[in-house]
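First listed ligand is number 1; within each ligand, the first listed atom is number 1.
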Amino acid sequence: MAVDYYAVLDVPRDATVEQIKKAYRRLARELHPDVNPAEEERFKEVTKAYEVLSDPQKRELHDLGADPFSTGGGFGSGFGFSDIMDAFFGGQASARGPRSRQRRGQDALIRVQIDLSEATFGTTKDLQVETATTCPTCTGQGTAPGTSPKVCDICRGQGQVQQVTRSFLGQVMTARPCAACQGFGTVIPNPCVECGGDGRVRTRRTLKVKIPPGVDGGTRIQLAGEGEAGPGGGPPGDLFVEIVERRHPLFQRSGDDLHCTVSVAMTAAALGTSIELETLDGPRTVEVRPGTQSGQSVTLPGLGVQHLRGAGRGELVAHIEVLTPTRLDAEQEDLLRRLAAMRGEEGSNGQVATEQGLFSRLRDAFNGR
Ligand SMILES: [Zn+2]
Ligand SMILES: [Zn+2]
C-alpha cells in the first residue's frame, strides 16, 4: 500500500470532493511554507494528497493501492507499468507493505562478581551498564530536528519493488525489498546528527541491581526493559545480570551447603575439644567429641546459603582432619611408646578393617560421631 492520502488529509475514504477541498484549504493555511517553514515537507505531502484525491481518475488508482505519482515504467501516461499491474491485480504483490523502522531492541548480558557472603545474604550492586538508549535529540525518530522522513522515490513508499518476469505460467510478479530505503518505504533526507539516523546512542549508566539471597554462579537476573533500546524508537530489550561467584578461601559451596576442613591434633581428637570457626554468621563453636576419627564431620545446621526458592538455609559441614604428630622429641616418643604399651598396641603395624569394623565406622559416620 502506498501512502494513504485519506489519512494525510484526515478525511474518510468516502469523502466528497467538497470535503476534500475543505480539508486541504484548512491544512494548507496551517502548513504553508510562508507561514510555517519547518512544515514544508508536510505541506508538499498534503498538496500531493489533494492532487490525487481531487482527480477522480487518480483517486481511483490510489484506491486500488497504486501511487499515481509513479515516474517509472515505459508508459507515456506517467503511470508506471507496475502501478497498472497493481491496479489490475489489486496490489497483491505489495500486500506486505513497508516494514517499520521501529523494532524491539536486543537483550543485553552483563556479569557481576560477588563473594559467598553476598550470595548467602543478598546484596545491592551498582553496575556500570553500557547499552544503546533512545537518542534524546530526535527521540528515536532518526530525523534532524524540524525535519521528517520523506516517501522513498524508488518504491514510492511501498518498501519493495516489483518485477515482472515471464515464466511458462505467463507473467509473474515478484517483489523484493527496496534497496534505496532498505524496505522502510521512507528515507531520512536529514538524519539526526547525534545518532546518524539510527535513533539510538550508546550510553554508559549506573544501575542499582538488587541481588537476592541464594543466587549461585550462573544465576541470571532479568531486568525487563533495561537492555538495548530498539531502532527507530522501538521498545528496549531486557538486561540479564549473570552471577559469577568468587571462591571463598575456607568454604566450598555444594548447592546451598558449605563445606570446610578443620584440622585437629591427634591428642585433641582423642580427648575431645571445641574449635572456634569463623562462619559467614560470625564465630561459632565446632564441638569435636572425644575419639573423633579423621574424615568424620560436624554439621552446623542453618549456617549455609539461603535457599533461593523457599525458606531456610543449607548447612555448614566441618570435615575433621586428624593430624598425626611428626618430629617427636625423645620425651614425646617415650610417652607415646608407654601409651602404646598400656593400650596393647606395641609393635602393631596397623590392621585391615574387618567388615564389622567398617560397618561400625559407617554407622558412626551416619550418626555424625
Ligand atoms: Zn538522534
Ligand atoms: Zn524505497
Discussion item. I'd like to know whether Arg104 forms a salt bridge (charged side-chain N to carboxylate O under 4.0 Å, His left out) with Glu228, so could you lay out the CA-CA distance, the side-chain angles of the two residues, the decisive distance to 0.1 Å, and finally the verdict.
Written reply: CA-CA 9 Å; Arg104 182 185 183 268; Glu228 308 277 345; over 6 Å; no
Worksheet item: Which pair of heavy atoms, one from Gly255 and one from Asp216, lies closest together, and at what distance?
Response: O-OD2, 4.4 Å
Discussion item. Working to the nearest 0.5 angstrom, can you tell me the gap between Arg313 CZ and Phe121 CZ?
Written reply: 4.5 Å
Practice prompt. Please assess Tyr6 against Asp63 for the test side-chain hydrogen bond (donor to acceptor under 3.5 Å, both in side chains), listing each intermediate value before the final yes or no.
Written response: CA-CA 10 Å; Tyr6 292 101; Asp63 288 354; 2.8 Å; yes
Worksheet item: Can you list the residues that meet the salt bridge (Lys or Arg N to Asp or Glu O under 4.0 Å) rule with Asp10, with sequence neighbours excluded?
Response: none
Response to the item:
Given a cut-off of 2.8 Å, the protein N, O or S atoms lying below it from the Zn ion (ligand 1) are Cys135 SG, Cys138 SG, Cys192 SG, Cys195 SG
Discussion item. Suppose the cut-off is 2.8 Å; which protein N/O/S atoms would you list for the Zn ion (ligand 2)?
Written reply: Cys152 SG, Cys155 SG, Cys178 SG, Cys181 SG
Discussion item. Looking at every heavy atom in both Thr186 and Cys181, which two are closest together, and how far apart are they?
Written reply: O-CB, 3.5 Å
Discussion item. Testing the 3.5 Å rule here: is there a donor-acceptor pair between the side chains of Thr174 and Gln162?
Written reply: no
Worksheet entry | Pairwise ring-ring contact (aromatic ring centres under 6.0 Å, His included) hits with a residue in residues 128-147, at least two apart | none
Item to complete: Look at the side-chain heavy atoms of Ile, Leu, Val, Met, Phe, Trp and Tyr, link any pair under 4.5 Å apart, and say whether Val317 and Leu277 land in one connected group.
Response: no
